[in-house]
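Structure first, then comments.
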Amino acid sequence: MSGPTSVLLIPAAAPLLLAAAAIRAARAMQDAYRDADLIAAQQADDAARQSAGQIAAQAAGRAALERRRAAAEARHGRLCAAAAGLGIAVGAELPAPQDPAPAALAAWLGGLEERCALLQSAIAELAPHSDAGLEHIDLVLPEQLEAQLEAFAGRQTEQQAAEVRRLIARVAHRGALPESVARLVAQLEQAGSPERHAALLLELRRAVQLAGEQELAEAEALVLEQSLLDLGYQVEPVAHTLFAQGGLVHFRKPGWGDYMVRMRVDAAAKTANFNVIRAVAAGANETSVLDHLAEDRWCAEFPALLAALAEHGLKLEVTRRLGAGELPVQLVDRSKLPALADEQAARRAEAPMQKALR
């Protein structure tokens, strides 16, 4: 039996980021399939009137997607092998859609390419501290970043340029550099003395670290939300700042009546607290014989949430657990709680969490 429960948050960066990428891709694919169904219905009457040129253009577009797919899958295989050599957990996979519409295939490819970029970032972060090195990995950067780094390399020593490139590779999957990182790279290009260069390089390492921490916190929020949805909970929208700045999130199962679970995150301490609450009218303070049952029910379900989060890189280590009834269930003014509707079941069906690779 369990009343309020406190946990320590222990995120694993690579699996969390990859799981978040899989969730985003799955949701994009669902949107694409819905759009494709609408477009197909609207264009059914026009199919017979398509010109040979339109049909050829569609075939060419599909062929281009397939070439892009082959290149992405080959690169993904190389990166997975390199990640395994560095001890990086590959995390959640992104199953290819079966006989997909072009828009759905494009959405899946976007997810696979993001996954490649995230794996590259993880490798770039760990490889300098490993005997494996980066020599056998194709560090692919967006064209804009490549041009910027080429200009940088022309003004710096080979060693300095290589160090900056490794740092940039850790955030290159974003497509554009975070503002703080871009500003420091620009300053490094003009650094005059070795002392100035060393100071700016130290700042760049810190800026890259902070950017990574922010992205990790956003991934934690997305993984938490989708894990709860996959387990059948109704969940209020989880703020992307929850694990960076702290805050609350509420969730419940259909049929729980006035009860829900409140999760309070302390971002600075990297801890969270779960407790069952009951919605009441303003000013009400009556106890209920159902409070104890509500806590027992949550106690039985809590291990499933722990397992789901751990599988995708967010381990919660229980540090304190009170027995049901040791503290009264918190009563909260109903008007101050989110309205959690049963329609959220549709969101769960649309974007299920992908299973971990075995």
*Are V185 and L210 joined in one hydrophobic group, where the rule is that I, L, V, M, F, W and Y side chains link up if heavy atoms are under 4.5 Å apart?*
no
_I'd like to know whether E73 forms a salt bridge (charged side-chain N to carboxylate O under 4.0 Å, His left out) with R68, so could you lay out the CA-CA distance, the side-chain angles of the two residues, the decisive distance to 0.1 Å, and finally the verdict._
CA-CA 9 Å; E73 288 179 333; R68 179 179 159 198; over 6 Å; no
*Between the side chain of E225 and the main-chain N/O of V238, is any donor-acceptor distance below 3.5 Å?*
yes
*With side chains defined as the heavy atoms from C-beta onward, is the minimum distance between V261 and I277 less than 4.5 Å?*
no
*asked:* For A64, is there any backbone N or O sitting under 3.5 Å from a side-chain donor or acceptor partner on R69?
replied: no
*Should F302 and V223 be counted in the same cluster of Ile, Leu, Val, Met, Phe, Trp and Tyr side chains packed under 4.5 Å apart?*
yes
_Inter-residue atom distance I168.CD1 - L177.CG, 0.5 Å rounding_ = 4.5 Å
_Joint cluster assignment, V235 & L231, ILVMFWY side-chain distance < 4.5 Å_ = yes
*Got a donor-acceptor contact below 3.5 angstrom from the E218 side chain to the H240 backbone?*
no
_Approximate separation, where rounding is to 0.5 Å, of E113 CD and W108 CH2_ = 9.0 Å
*So if you build clusters from Ile, Leu, Val, Met, Phe, Trp, Tyr with side-chain heavy-atom gaps below 4.5 Å, do F274 and L248 land together?*
no
*Return the orientation label for the Y233 and F251 ring planes: parallel under 30°, perpendicular over 60°, tilted otherwise.*
perpendicular
*Are any side-chain N or O atoms of T241 and backbone N or O atoms of A244, one a donor and one an acceptor, separated by less than 3.5 Å?*
no
*asked:* Pairing donors with acceptors under 3.5 angstrom, does anything connect the side chains of E295 and Y259?
replied: no
_Gap separating the CG atom of L18 from the CG atom of L118, nearest 0.5 angstrom_ = 5.5 Å
*Is there side-chain contact between H250 and M263, with at least one heavy-atom pair below 4.5 Å?*
no
*Atom CG of D296 and atom CG of L290: how far apart are they, to the nearest 0.5 Å?*
11.5 Å
*Which distance, rounded to the nearest 0.5 Å, do you find between the CD of E301 and the CG of L306?*
12.0 Å
*Identify whether V318 and F243 are in the same connected component of the hydrophobic contact network (ILVMFWY, side-chain heavy atoms under 4.5 Å).*
yes
*If you measure from CG on L8 to CD on E317, what distance do you get to the nearest 0.5 Å?*
5.5 Å
